[in-house]
Amino acid sequence: MIKFENVSKQYERNGVTTQALQDINLTIQKGDIYGIIGYSGAGKSTLVRLINFLEKPTQGNVIIQNQSLNQLSNSQLRQVRRKIGMIFQHFNLLESKTVYENVAIPLVLIKKDKQAIKKKVFELLEFVGLSDKASSYPKELSGGQKQRIGIARALANDPDILLCDEATSALDPQTTQSILELIKKINDKYRITVVLITHEMHVIQQICHKVAVMEKGKIIEHGNVVDVFGHP
Ligand code: ADP
Ligand code: ADP
């Protein structure tokens with residue numbers, strides 16, 4: 001489903017080279033909830049941007065659903081990317097748009113017709129438990145509600161992969177719990193592969209099947225969560 005083969009990534013900026021990833025080999029199977037944990041600067045976001053095809057590796061190969069990034073045209077890239085939903089630490093909702101409009105964005109972009117959009121948006125809002133907030137603006141919502149809207153938007157194109165980048169880091173423990181339960185439900189119900197980036201071990205222990213521990217651009221350990229971290 002997601003495969004990294006000897007992937008390295010260097011950034012060049014003002015003559016300074018940063019080795020963000022070094023010789024990463026990683027396989028994430030369909031249906032996994034796969035955690036990537038590491039301190040700030042370990043290379044987690046770079047890894048996510050490679051899965052998303054937002055960055056290209058300097059060396060090696062990233063393969064998503066048997067398609068290698070190196071061999072895709074720009075329009076094929078857009079197709080693959082559409083099947084990857086993403087949620088963020090700070091939710092990234094458009095403040096000037098209603099909840100309805102925020103969730104509709106990915107569908108408007110692919111020019112779905114209005115009735116189909118409406119049906120899908122209300123299905124998604126129902127699924128995340130916020131049907132009554134369609135006309136609200138993000139500033140009227142709690143952090144947990146904003147993340148539910150972020151999740152609804154991420155699911156709009158029926159993705160095969162959900163990327164969660166520090167998705168609970170701005171939330172209190174109780175809200176974190178409910179968002180993690182929602183992510184688990186998405187994985188169970190739709191068999192969506194989840195890749196979850198975090199710096200918090202308890203988040204990994206609560207929902208991940210597998211984990212890779214990153215340090216200074218390398219995976220220093222990986223395996224089943226109970227083998228790597230023990231029981232929570
Ligand atoms: P993490 O998400 O684990 O905090 P990152 O992938 O953001 O790690 O960063 C890994 C390393 O790459 C860090 O040293 C960071 O400063 C560097 N880096 C990340 N993005 C860029 C960029 N766009 N340009 C230059 N250096 C970058
Ligand atoms: P437009 O404003 O161009 O008509 P929208 O994308 O805002 O397009 O709306 C598309 C459809 O969804 C319309 O039929 C509209 O009535 C409906 N809609 C938009 N926002 C809401 C909402 N908050 N609650 C219920 N229906 C909505």
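Every number for a ligand or one of its atoms is a count from 1 in the order of the listing. Note that these values count all heavy atoms, side chains included, but never hydrogens, waters or copies made by symmetry.
The closest donor-acceptor contact from the side chain of H209 to the backbone of I33 lies under 3.5 Å. Checked by atom type and distance alone, the side chain of R81 pairs as donor or acceptor with a backbone atom of N52 at under 3.5 Å.
Proximity of L155 to P159: side-chain heavy atoms (C-beta onward) are separated by under 4.5 Å at one or more points. Residues L180 and V203 form a side-chain contact, since some pair of their non-hydrogen atoms from C-beta on lies under 4.5 Å apart.
Under the rule for a side chain to side chain donor-acceptor pair (under 3.5 Å), T176 has no partner lying at least two apart in sequence or in another chain.
For a heavy-atom separation below 4.0 Å, the residues in contact with ligand 1 are Y11, R13, T18, A20, Y39, S40, G41, A42, G43, K44, S45, T46, R49.
Closest of all the heavy-atom pairs between I87 and G150 is CG2-O, 3.6 Å.
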